[in-house]
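The structure appears below as structure tokens.
Below, all heavy atoms of this structure are taken into account, side chains as well, without hydrogens, waters or symmetry copies.
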Amino acid sequence: MAGFLDKERIIAGPGFNRWLVPPAALAIHLCIGMAYGFSVFWLPLSKALGIKESVKCGPEVGFFAEMFTTSCDWKISTLGWMYTLFFVFLGCSAALWGGWLERAGPRKAGVVSALCWCGGMLFSALGIHLHQFWMMLLGSGVIGGIGLGLGYISPVSTLIKWFPDRRGMATGMAIMGFGGGAMIGSPLAADLMKVFASPESVGVMPTFIVMALIYFLFMMAGALGYRVPATGWQPEGWTPPAIHASNTMITQRHVHVKNAFKIPQFWLVWMVLCMNVSAGIGVIGMASPMLQEVFGGSLIGVAAKYGELDKTQLAAIAGVAAGFTALLSLFNIGGRFFWASLSDKLGRKMTYVVFFVLGGVLYFGVPGSAAAGSTVLFVGAFCIILSMYGGGFATVPAYLADLFGTQFVGAIHGRLLTAWATAGILGPVVVNYMREYQLGLGIAREQVYNQTMYILVGMLVIGLICNLLVRPVADKWFMSDAELAEEKRLAHEKAASANTTGTSNGRPDSVSPAVVALAWAAVGIPLAWGVYRTLLSVLKLFG
């Protein structure tokens with residue numbers, strides 16, 4: 001089995017269709033992307049014992065006691081720690097094992113990711129059965145988080161090597177899948193919980209088991225579908241662009257991952273990603289309450305502020321806000337593919353200039369559109385902002401490949417994801433605490449976000465400055481030809497000329513168009529179903 005997973009076993013031979021690799025990457029990313037949708041479980045899990053109503057813990061039960069208690073239900077705020085651990089361990093595992101991934105190959109990393117993500121869900125299901133929250137934290141939060149990190153970066157280097165002519169588009173397709181995972185998983189989980197719910201159970205445990213098994217099948221299919229190109233392979237009819245003044249930001253040489261932290265450009269791109277993500281992620285968590293508090297009763301045609309509405313009216317505008325959140329998720333996903341593909345034409349640096357300049361203008365204009373009572377301008381601004389939030393994630397792997405070369409781009413990308421972990425704390429803290437501070441000063445609910453928008457503009461200005469400071473990497477940081485040859489040997493790479501009859505196991509690699517179509521259908525049909533379910537929610541916004 002170990003030999004079957006080795007990198008040298010998955011070197012593609014002549015005739016292999018590179019369009020089989022993106023659906024393999026999507027199969028993994030669509031599964032681990034459910035991390036974004038885990039909040040669908042919080043409310044049912046908060047009533048795991050009481051079923052209809054939560055069994056409240058006494059004041060003597062603190063956070064650590066809550067991890068082991070079997071006599072009362074978990075608080076939603078406690079359950080949220082699973083979400084926090086997901087992204088902490090995603091960043092940590094990607095940074096720690098990115099170098100191993102480059103040498104072990106995407107198939108082995110994909111299999112480990114599937115075992116961790118799905119095994120973690122099964123262990124969490126046991127934790128739900130025994131009502132032990134520490135098991136859920138260890139299962140999904142820690143073990144699952146490690147699977148998230150390995151699964152997230154597993155296709156990056158491979159896709160960039162298969163699509164040197166369309167780096168942005170290739171990584172955009174895979175990372176679009178991570179954004180779309182919750183769009184499929186959340187409604188699927190909600191439907192399964194309804195099926196499994198009974199007077200004795202809220203249905204979360206069997207839902208975890210079923211989803212873990214489904215995800216395992218998809219992730220293993222994706223991992224086993226990975227192939228890596230032979231060294232020196234290029235798309236037919238394509239030649240690398242010559243180095244001249246217009247594309248000095250794209251290197252043909254390679255930086256070793258061990259030097260990444262020493263290079264100024266790495267930290268500049270780190271700040272670029274951190275500021276872009278901080279501004280977007282802070283808004284995502286508050287999108288629903290922000291729309292409700294800013295526009296109040298006008299969302300349902302009632303001339304009343306948020307604090308003047310009764311329970312029925314509050315429930316009605318909450319439904320409208322859910323549609324707004326669903327619409328943002330569509331733009332988040334679409335932006336990942338659109339902006340990353342556009343970066344192939346504009347260049348990565350110019351694409352981020354657009355993110356920061358256009359984003360800054362939109363954030364600055366939000367208070368004005370709110371004061372004017374224009375929901376169309378308000379919603380439109382945040383849709384574009386969220387598209388650029390997703391686009392930032394999808395464009396950065398290609399930016400790194402341009403600057404540092406492709407040999408260690410997956411490992412360097414893994415280290416850069418520590419910027420995501422930082423932004424995951426910074427963005428929500430700024431938005432949430434500024435809101436509380438403004439409310440404490442007695443400012444009206446519909447105006448409490450104005451100062452926050454200006455702070456986010458400041459973050460984007462910092463990101464813009466860092467992006468403008470990015471220059472080509474100095475020659476001293478690139479590997480010599482001898483060092484590169486040694487790394488290729490350690491990574492079990494083979495030259496294209498040495499692999500003329502097929503893969504190293506002797507099988508030819510020519511693939512019929514029908515197989516390619518089936519692979520895309522396997523990921524496209526669930527994604528289309530997720531879009532359909534999301535559009536049903538969006539209709540509430542315009543109903």
Side-chain angles (χ1 to χ4, degrees), residues 30-56 66 70 72-86 117-141 143-145 147-148 180-219 288 315 318-319 321-323 325-326 329 525-540:
L30 287 171
C31 294
I32 62 176
M34 180 53 190
Y36 270 136
F38 252 65
S39 58
V40 74
F41 298 118
W42 296 166
L43 191 59
L45 283 173
S46 71
K47 298 183 286 187
L49 294 178
I51 311 299
K52 290 187 177 180
E53 294 292 334
S54 297
V55 178
K56 304 291 185 186
E66 204 173 346
T70 57
C72 59
D73 278 313
W74 305 302
K75 294 191 290 288
I76 289 177
S77 59
T78 303
L79 291 163
W81 278 98
M82 284 174 66
Y83 188 79
T84 302
L85 287 177
F86 278 151
W117 178 243
C118 302
M121 285 189 76
L122 291 175
F123 192 72
S124 291
L126 180 61
I128 296 168
H129 177 68
L130 300 174
H131 202 75
Q132 292 290 298
F133 187 59
W134 70 269
M135 295 178 70
M136 296 173 66
L137 286 181
L138 176 60
S140 288
I143 299 172
L148 272 179
M183 196 168 62
I184 300 169
S186 293
L188 175 62
D191 290 348
L192 287 172
M193 285 188 289
K194 287 178 185 175
V195 171
F196 293 122
S198 69
E200 295 80 32
S201 170
V202 291
V204 179
M205 185 193 77
T207 297
F208 265 49
I209 294 171
V210 170
M211 293 185 75
L213 296 176
I214 294 171
Y215 285 161
F216 186 73
L217 291 175
F218 266 84
M219 292 179 74
S288 176
T325 306
S329 72
I525 291 171
L527 192 56
W529 179 79
V531 171
Y532 167 72
R533 291 293 296 263
T534 305
L535 286 172
L536 292 180
S537 297
V538 171
L539 290 176
K540 296 176 184 176

Next on the checklist: Run Lys52 and Lys47 through side-chain contact (heavy atoms from CB on, under 4.5 Å) and show every step you take.
Outcome noted: CA-CA 7 Å; Lys52 290 187 177 180; Lys47 298 183 286 187; over 6 Å; no

Checklist entry - At their closest point, which heavy atom of Ala189 faces which heavy atom of Val40, and how far apart are they? => result CB-CG1, 4.0 Å

Checklist outcome for this item: Ser329 meets the side chain to side chain donor-acceptor pair (under 3.5 Å) criterion, sequence neighbours left out, with none

Item to check | Closest non-hydrogen atom pair, Gly185 against Tyr215 | outcome: CA-OH, 3.7 Å

Item to check | Phe86 and Trp117 aromatic ring geometry - parallel, tilted or perpendicular at 30°/60° bounds | outcome: tilted

Item to check | OG on Ser39 to CG on Leu45, rounded to 0.5 Å | outcome: 11.5 Å

Checklist outcome for this item: Sorted by chain and residue number, the side-chain contact (heavy atoms from CB on, under 4.5 Å) partners of Pro206 (sequence neighbours excluded) come out as Phe196

Item to check | Those residues that, when tested against Tyr36, pass ring pair (Phe, Tyr, Trp, His ring centres under 6.0 Å) (two or more places apart) | outcome: Phe87, Phe178

Next on the checklist: Just verifying a value: how many Å separate Ile143 CD1 and Leu148 CG, rounded to the nearest 0.5 Å?
Outcome noted: 12.5 Å

Checklist entry - Got a second to check how far Leu138's CG is from Leu85's CG, nearest 0.5 Å? => result 10.0 Å

Item to check | Reported CD1-to-OG1 distance for the pair Ile128 and Thr207, which is rounded to 0.5 angstrom | outcome: 8.5 Å

Checklist entry - What are the two closest heavy atoms between Met135 and Gly127, and how far apart are they? => result CB-CA, 3.7 Å

Checklist entry - Sequence neighbours excluded, which residues qualify as side-chain contact (heavy atoms from CB on, under 4.5 Å) partners of Leu213? => result Ile209

Next on the checklist: Does Phe208 form a ring-ring contact (aromatic ring centres under 6.0 Å, His included) with Phe123? I'd like the steps, not just the answer.
Outcome noted: CA-CA 9 Å; Phe208 265 49; Phe123 192 72; over 10 Å; no

Checklist entry - Of all residues at least two apart in sequence or in a different chain, which pass the side-chain contact (heavy atoms from CB on, under 4.5 Å) check with Leu527? => result Leu30, Met176, Met183, Ile184

Item to check | salt bridge (charged side-chain N to carboxylate O under 4.0 Å, His left out) partners of residues 130-140, not counting sequence neighbours, each pair once | outcome: none

Item to check | Check: Ser201 side chain, Ala197 main-chain N or O, donor-acceptor pair, under 3.5 Å | outcome: no

Checklist entry - What is the distance from atom CE of Met211 to atom CE of Met121, rounded to the nearest 0.5 Å? => result 5.5 Å

Checklist entry - Can you name the side-chain contact (heavy atoms from CB on, under 4.5 Å) partners of Tyr532, sequence neighbours left out? => result Leu536

Next on the checklist: Donor-acceptor check, side chain of Ser54 to backbone of Ser46, threshold 3.5 angstrom: yes or no?
Outcome noted: yes

Checklist outcome for this item: residues 180-193 vs salt bridge (charged side-chain N to carboxylate O under 4.0 Å, His left out), sequence neighbours excluded, gives Asp191-Arg533

Checklist outcome for this item: For Ala182 and Pro187, the nearest pair of non-hydrogen atoms, with its separation, is O-CD, 3.8 Å

Next on the checklist: Checking Trp529 now: which residues fulfil side chain to side chain donor-acceptor pair (under 3.5 Å) with it, not counting sequence neighbours?
Outcome noted: none

Item to check | Residue pairs fulfilling side-chain hydrogen bond (donor to acceptor under 3.5 Å, both in side chains) with at least one residue in residues 122-139, sequence neighbours excluded | outcome: Ser124-Ser140, Gln132-Trp134

Per-pair distances, 0.1 Å, donor-acceptor, side chain in residues 73-82, under 3.5 Å, sequence neighbours excluded:
residue : atom : partner : partner atom : Å
Asp73   : OD1  : Ala48   : N            : 3.1
Asp73   : OD1  : Leu49   : N            : 2.7
Asp73   : OD2  : Gly50   : N            : 3.1
Asp73   : OD2  : Val55   : N            : 2.9
Lys75   : NZ   : Glu66   : OE1          : 3.0
Thr78   : OG1  : Glu66   : OE1          : 3.0
Thr78   : OG1  : Glu66   : OE2          : 3.2

Checklist entry - Could you walk me through whether Met193 and Leu188 pass the side-chain contact (heavy atoms from CB on, under 4.5 Å) check? => result CA-CA 9 Å; Met193 285 188 289; Leu188 175 62; over 6 Å; no

Checklist entry - Hey, mind stepping through Ile51 and Glu200 against side-chain contact (heavy atoms from CB on, under 4.5 Å) and telling me if it holds? => result CA-CA 7 Å; Ile51 311 299; Glu200 295 80 32; 5.8 Å; no

